[in-house]
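Structure first, then comments.
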Number of protein chains: 4
Amino acid sequence: MSREAADVSSGIREPAPTDIRGRPRDATRDTAINAATIDLLHERGYDHLSIEAVAARAGVGKTTIYRRHRDKAALVAAAIEHRAAGAPPDTASLGLRDALLVTVQWLAEQLTAQDGGMLGAAFAGMRSDPALAAAMQQVLHRDQAAMARQALGGAAERGESLAPGAVELFADVAPAVVVHRVLFSGQPCDTAFLEHVVDDVLLPLLRPPTTTPPL
Amino acid sequence: MSREAADVSSGIREPAPTDIRGRPRDATRDTAINAATIDLLHERGYDHLSIEAVAARAGVGKTTIYRRHRDKAALVAAAIEHRAAGAPPDTASLGLRDALLVTVQWLAEQLTAQDGGMLGAAFAGMRSDPALAAAMQQVLHRDQAAMARQALGGAAERGESLAPGAVELFADVAPAVVVHRVLFSGQPCDTAFLEHVVDDVLLPLLRPPTTTPPL
Amino acid sequence: MSREAADVSSGIREPAPTDIRGRPRDATRDTAINAATIDLLHERGYDHLSIEAVAARAGVGKTTIYRRHRDKAALVAAAIEHRAAGAPPDTASLGLRDALLVTVQWLAEQLTAQDGGMLGAAFAGMRSDPALAAAMQQVLHRDQAAMARQALGGAAERGESLAPGAVELFADVAPAVVVHRVLFSGQPCDTAFLEHVVDDVLLPLLRPPTTTPPL
Amino acid sequence: MSREAADVSSGIREPAPTDIRGRPRDATRDTAINAATIDLLHERGYDHLSIEAVAARAGVGKTTIYRRHRDKAALVAAAIEHRAAGAPPDTASLGLRDALLVTVQWLAEQLTAQDGGMLGAAFAGMRSDPALAAAMQQVLHRDQAAMARQALGGAAERGESLAPGAVELFADVAPAVVVHRVLFSGQPCDTAFLEHVVDDVLLPLLRPPTTTPPL
DNA sequence: AAATAACCGAGACGGTACGTCAAGTCTTGAG
DNA sequence: CTCAAGACTTGACGTACCGTCTCGGTTATTT
């Protein structure tokens, strides 16, 4: 699903599928390019990332990159798209609180590891190419949806009662709070904070409402 | 307060305050530079913003910009820092729900108006200059704190009962959810969504807990 | 001969001759660059010659110039090196006096035509790059040697007696006097002066000594 | 005499002599500026000489230099003009050959010491400001004339016979040959060369002609 | 087997912008 | 009016990358 979506934006340079004469593209190169891009994204950040450096690092000609990606933003988008996605942790055996905690911890680690380089790409590319921005947003979105389902699935199966629409609520709020903490607040996204989020935000929201407040 | 904080990072090029020899800097130029920067940020977005264009638009030599700002990121940071901040709306006469609604609406407009250009600056500059990133985060933070106080101040004065730590909770959650919607979800941040946020997220969190939840 | 010598100094940016990978350089550009350089040298003089103007005039990117020449001095040196040298006039049918006169006249014209722009290059570049200065000196030297041989060759063939070492003596003295007149004295290098040089300096020196001077 | 000549070109910025109100110029500064200029001319050569560096080295404001000199060329011209001129050696007690030899040796040393920096100034300034070029030429000329008179004066007094117009001839030829050797030939201007010049060029020219050649 | 066609590396090319340096002018406060 | 300091505009510097192009050469499929 997300595959095709991303291909819509990054695949502008796909060869016509019917005309397969001539030497086929070397898949080795795609791998090398993606790896080099991710590497340099971490080393230098988005706007100090040069395509020439990616080409050099990947041992590849610039042509080979431009044949595959329209520009820097598309290159980065594709690299992120195809990176090892890292499945969210299995929470089937955990209680609700632990399931939430493990999940937001995993989320925070993902964001910290990726360093915001990919988000920089999203922002920088947004104005130049709205389609690219859309692709980036989808990439971000897919993991969050899957994550929400899995985090709350176990609890639901075990019959824990949840507020109606809990899955959507979780998908709206949890990533928002964690992303905001990592990127904008400048404060550490440590266990203390995550416990605060779980106990003071998520649990109150997701648990079924008690009887209407007396007053 | 935020002034000094920002000066720490963007003021690397400040002249030694004790050494007042020589022609003083012309404050007119700062204004022109900031205005031109904001303009072009809106017109072209962060990564298509060139310092040469800013200089031309401001009617100023490039040197005059470089004398004040180390690079593009610092220039943008300063421009945003010194822009007219736009006070959050007065909510003293409103009930809690309306106060929250008005406030998140104002927040969404602010973000939309600024187009994410300033956030692009934050991301792009993060790796190159962590101090700059810190400054940007502070800029983002200051309004949010003030906003939270004001949004909930009126309600508290009228004796509406709030959960303990409601102000902090609001400051943590509301901007996170709205920012996330605007920047990452790709979905419209319209009234329907904002009402959803207020009714399903903020109000449940901020209202005082009813009797202890049934164990 | 002079080709290789000049390439040693101006060719610092030559690509390795064995490595013929990649798109080859376009010789058209060299020609355009040299022509534009010579043009602007005449129009503006050496130190008002800007590389950007050369690029514009040649219809070429700045990079294309810097790929070939380290800096302004090298650019000018190369342009002069490759310019149409202008052969000294044929003096085979003339007597000695006329041969000398025609030759120094040609020399004076050469220097006047080149405006000292090239000599300015030599001086300006000397300190920055001694190798460049050496190349310039060679360029200056080659024509003078050829000229001396030709100017006196006809006379020698016709059996006119010359002092021993006359060719070397001529090459030492004639260019020196003419160059000095044109560049340093500020006085016109007209026919009267050139006749003076021929009659009062060159002929006395080059004619064979009469009987040993009275002790 | 040469003072006024130089003042014509470099003294454009002289204060009106009648209006001597206000603080008088500090002569100390002129000295410091000239010294710094000469220093830096030797260290960096003409075209790498910056007025800002001169100001810094002289411990003087840029204004103070521009109040006195129109531009770089004028600054350098003035510095050379006012430098300790170094009188040509006394040759009264020497024979003709030794007098000539000592004089051309002194000339060669002068030129070598000044490194061509000053000649670079002459060339560079020629196109921009013909008046400056004229001044530079005069500076060059005056020493040569004085030198010629002195070199041949002793011999004449002792009754050595000289060719008619010997002084002018010497002034024309000797500096030309030496300057040309130092600046253009790239070969050393050593004693061997200077003896060659004296024995093979100057003496034959300056000694009175023997009787007309027999043939 | 030969022809065809796309791939690939390398790197030249015209550009745009970078961040720096210096030129020459202007503006302050102090003397 | 002079001086030191330094801000200012202007313009060129030499560098880095952009995205395009042209080479020689490679690797498949199609004739």
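Only this structure's heavy atoms are used, side chains among them; waters, hydrogens and symmetry mates stay out. Predicted model only: the values in this text are computed from it and were never measured. So that the names make sense, note that chain A is the first sequence line, chain B the second, and so on, each numbered from 1.
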Query - side-chain N/O B:R70 vs E:dG19 OP1/OP2, d < 4.0 Å - result: no

**Report entry** Under the side-chain contact (heavy atoms from CB on, under 4.5 Å) test, residues paired with C:A58 that sit two or more places apart
**Finding:** C:A32, C:I33, C:A36, C:V60

**Report entry** A:K62: salt bridge (charged side-chain N to carboxylate O under 4.0 Å, His left out) partners, not counting sequence neighbours
**Finding:** A:E52

Report summary line: Here the distance between atom P of E:dG15 and atom CD1 of C:I65, to the nearest Å, is 12 Å

Report task. Report which part of the nucleic acid B:R67 touches: base, sugar-phosphate, or nothing (heavy-atom distance under 4.0 Å, all strands). Result -> base

Query raised in the report: Who are the side-chain contact (heavy atoms from CB on, under 4.5 Å) partners of C:T63, not counting sequence neighbours?
Result: C:R67

**Report entry** For A:D26, side chain to side chain donor-acceptor pair (under 3.5 Å) partners two or more places apart
**Finding:** A:T28, A:R29

Query - Phosphate-side-chain proximity, C:R23 and E:dC8, N/O vs OP1/OP2 below 4.0 Å - result: no

Report task. Only counting residues at least two apart or in another chain, list the ones meeting side chain to side chain donor-acceptor pair (under 3.5 Å) with C:R25. Result -> none

Requested in this report: Taking the side chain as every heavy atom from C-beta outward, state whether B:L41 and B:V76 have any pair of such atoms under 4.5 Å apart.
Outcome: yes

Query raised in the report: Any side-chain heavy atom of D:L40 sitting closer than 4.5 Å to one from D:E43?
Result: yes

N/O contacts under 3.5 Å, protein versus nucleotides 21-23 of chain E?
residue: E:dA23; atom: OP1; partner: D:I51; partner atom: N; Å: 3.1
residue: E:dA23; atom: OP2; partner: D:I51; partner atom: N; Å: 3.0
residue: E:dA23; atom: OP2; partner: D:E52; partner atom: N; Å: 3.3

**Report entry** Strand-adjacent residues in residues 30-37 of chain B, judged by heavy atoms under 4.0 Å from DNA chain F
**Finding:** none

Report summary line: For A:D30, the side chain to side chain donor-acceptor pair (under 3.5 Å) test, sequence neighbours excluded, returns A:R68

Query raised in the report: Mind checking what makes side-chain contact (heavy atoms from CB on, under 4.5 Å) contact with C:T31, not counting sequence neighbours?
Result: none

Query raised in the report: With B:R21, which residues qualify under salt bridge (charged side-chain N to carboxylate O under 4.0 Å, His left out), at least two apart?
Result: B:D19

Query - By side chain to side chain donor-acceptor pair (under 3.5 Å) - contacts of A:R23 (at least two apart) - result: none

**Report entry** C:R68 CZ - F:dG14 C1' separation (whole Å)
**Finding:** 17 Å

Report summary line: Sorted by position of nearest nucleotide on DNA chain E, 5' first, the leading residue of A:G59 and C:T64 is A:G59

Under 3.5 Å between N/O atoms: give me all the protein pairs with nucleotides 29-31 of chain F, atom names plus distance.
none

